Amino acid sequence: MEIIKVKDSTEGGKVAFDLLEKEMQKGIKVLGLATGSTPETFYEQIRNSDLDFSNMISINLDEYVGLSSDDKNSYHYFMDEKLFNHKPFEATYVPQGDAEDLDQECVRYDKIIEENPIDFQILGIGRNGHIGFNEPGSSFDLQTHVVDLTPSTIEANKIYFDSEDQMPKKALSMGIASILKSQKIVLMAYGESKADAVKKTVQHEVSNDIPATILQKHDNITIIVDEEAAKYL
Ligand code: GLP
């Protein structure tokens with residue numbers, strides 16, 4: 001694991017952007033994208049750049065169950081706002097949270113991932129060590145699946161909703177097996193609330209209880225952390 005310490009999320013976004021630019025110069029095609037507050041500075045860098053994504057494909061990690069793409073709280077809407085409305089891609093994929101048949105949606109999404117192997121995967125991390133929405137206890141062998149969100153994740157993410165009642169308690173998530181197949185992974189973590197998860201990701205033995213620990217087994221991963229998130233390293 002390569003660890004890059006930065007001053008703050010602004011610098012982190014720039015470092016992640018530089019890594020992406022370098023890979024795009026080598027001709028990569030498929031980006032795995034994440035939502036949440038962490039990658040916002042990265043998307044800002046992209047928006048302000050003249051990097052061309054018109055031949056690129058993006059595949060997002062996850063989506064809340066029940067939310068449509070035009071729901072303001074959906075991850076699809078977040079991606080439109082932060083990136084897709086600003087940079088045209090050849091194709092963009094986000095799991096369909098309001099699909100009638102969720103199992104079928106998982107199968108459809110896995111086919112997309114299989115047909116478009118991910119070259120460069122962006123990750124944030126949950127306070128409990130989740131990646132995507134692969135919560136503690138998730139099997140490392142899973143592909144796209146329906147997840148029951150844990151109390152810790154509901155607590156962390158409810159601030160984005162008008163009330164806790166409105167926050168979906170289930171999500172669709174790309175599985176860890178798919179995440180691990182990415183050629184390169186860039187995980188970003190900022191702020192003290194991530195310090196414990198970052199320490200465990202790097203130092204704890206690999207365990208389903210802390211899903212991000214499996215990233216120790218990936219041979220091309222860069223972790224970008226600010227001073228607060230790195231405080232226990
Ligand atoms: C969410 C997302 C993750 C994200 C994480 C951290 O639950 N499913 O993909 O990395 O939590 O979010 P944030 O960056 O807002 O702290």
Side-chain angles (χ1 to χ4, degrees), residues 6 8-10 12-13 15-16 31-45 58-67 71-79 81-83 93-97 106 109 113 118 120-138 142 144-161 164 166-176 178-180 182 185-201 210-215 221-226 228-230:
V6 294
D8 54 23
S9 62
T10 305
V15 171
L31 305 183
L33 297 179
T35 49
S37 56
T38 306
E40 287 206 36
T41 52
F42 169 67
Y43 294 139
E44 190 183 346
Q45 288 290 319
S58 73
I59 304 181
N60 261 78
L61 281 168
D62 46 15
E63 179 60 285
Y64 288 112
V65 164
L67 301 193
D71 186 303
K72 286 197 163 53
N73 284 311
S74 72
Y75 283 164
H76 199 134
Y77 188 89
F78 174 98
M79 291 308 303
E81 289 281 295
K82 304 290 177 193
L83 188 60
Y93 299 102
V94 181
Q96 197 191 327
C106 292
Y109 212 65
I113 298 166
I118 297 172
F120 188 95
Q121 176 69 55
I122 286 291
L123 290 179
I125 186 167
R127 294 173 200 184
N128 60 8
H130 73 237
I131 45 177
F133 266 134
N134 291 278
E135 293 279 34
S138 303
L142 283 176
T144 307
H145 58 294
V146 180
V147 181
D148 288 316
L149 300 177
T150 60
S152 155
T153 300
I154 294 169
E155 186 59 32
N157 289 10
K158 70 180 188 191
I159 52 162
Y160 299 107
F161 295 81
E164 188 174 327
Q166 286 183 26
M167 181 179 163
K169 307 298 181 297
K170 284 181 189 285
L172 286 168
S173 182
M174 190 188 286
I176 286 178
S178 309
I179 293 173
L180 289 177
S182 313
I185 297 176
V186 175
L187 181 146
M188 294 178 272
Y190 308 125
E192 199 179 351
S193 67
K194 303 292 173 71
D196 186 52
V198 167
K199 176 181 186 239
K200 287 175 174 157
T201 300
I210 307 147
T213 54
I214 190 65
L215 299 173
I221 171 161
T222 300
I223 299 185
I224 301 172
V225 274
D226 70 357
E228 290 180 338

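Every number for a ligand or one of its atoms is a count from 1 in the order of the listing. None of the values given here were measured: they were computed from a predicted structure. Start at 1 with the first residue, then count along the sequence. Both backbone and side-chain heavy atoms feed into the values below; hydrogens, waters and symmetry mates do not.
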Problem - Side-chain heavy-atom pair Phe42, Lys82 within 4.5 angstrom cut-off - result: no
Practice task
Check the pair Cys106, Leu172 against side-chain contact (heavy atoms from CB on, under 4.5 Å), reporting the backbone distance first and the verdict last.
Solution key: CA-CA 8 Å; Cys106 292; Leu172 286 168; 3.7 Å; yes
Exercise for the section: Could you tell me whether the side chain of Lys169 reaches within less than 4.5 Å of the side chain of Ile154, counting heavy atoms only? Expected result: yes
Handout entry: Proximal atoms of ligand 1 relative to Gly36 (non-hydrogen, under 4.0 Å)
Key = 14 (O), 15 (O)
Practice task
Decide yes or no for Tyr77 and Asp71: does some side-chain heavy atom of the first lie under 4.5 Å from some side-chain heavy atom of the second?
Solution key: no
Practice task
Identify the protein heavy atom lying closest to atom 4 (C) of ligand 1, giving its residue, its atom name and the separation to 0.1 Å.
Solution key: Thr35 O, 4.0 Å
Completion exercise
Taking only non-hydrogen atoms of Gly124 and a 4.0 Å limit, the atoms of ligand 1 in range are 10 (O)
Exercise for the section: For atom 2 (C) of ligand 1, find the nearest protein heavy atom and state the residue, atom name and distance (0.1 Å precision). Expected result: Tyr75 OH, 3.6 Å
Exercise for the section: Specify the protein heavy atom at minimum distance from atom 16 (O) of ligand 1: its residue, its atom name, and the distance to 0.1 Å. Expected result: Lys194 NZ, 2.6 Å
Completion exercise
If you scan protein heavy atoms around atom 6 (C) of ligand 1, the nearest is Ile125 O, 3.4 Å
Exercise for the section: Using distance alone, with no hydrogens and no angle criterion, decide if Asn157 and Tyr64 have a side-chain donor and acceptor under 3.5 Å apart. Expected result: yes
Completion exercise
Quick look: Leu123 vs ligand 1, heavy-atom contacts under 4.0 Å, and the answer is neither
Problem - Sub-4.0 Å heavy-atom approach of His130 to ligand 1 - result: yes
Completion exercise
for atom 15 (O) of ligand 1, nearest protein heavy atom and its distance come out as Ser37 N, 2.9 Å
Handout entry: Per-residue contact class, Asp62 against ligand 1 - non-hydrogen pairs under 4.0 Å
Key = side chain
Practice task
Report yes if the side chains of Gln96 and Tyr109 come closer than 4.5 Å at any heavy-atom pair, otherwise no.
Solution key: no
Handout entry: Shortest non-hydrogen separation from Ser173 to Val147 and the atoms involved
Key = CB-CG2, 3.9 Å
Fill in the blank from the handout: atom 3 (C) of ligand 1 has as its nearest protein heavy atom Gly132 O, 3.4 Å
Exercise for the section: With heavy atoms under 4.0 Å as the rule, classify the contact between Ala34 and ligand 1 as side chain, backbone, both or neither. Expected result: neither
Practice task
Name the orientation class of the two ring planes belonging to Phe133 and His130 (parallel below 30°, tilted from 30 to 60°, perpendicular beyond 60°).
Solution key: tilted
Practice task
Could you tell me whether the side chain of Ile214 reaches within less than 4.5 Å of the side chain of Ile179, counting heavy atoms only?
Solution key: no
Exercise for the section: With heavy atoms only and a cut-off of under 4.0 Å, state how Tyr160 meets ligand 1: side chain, backbone, both or neither. Expected result: side chain
Handout entry: Taking atom 14 (O) of ligand 1 as the reference point, the nearest protein heavy atom with its distance
Key = Thr38 OG1, 2.5 Å
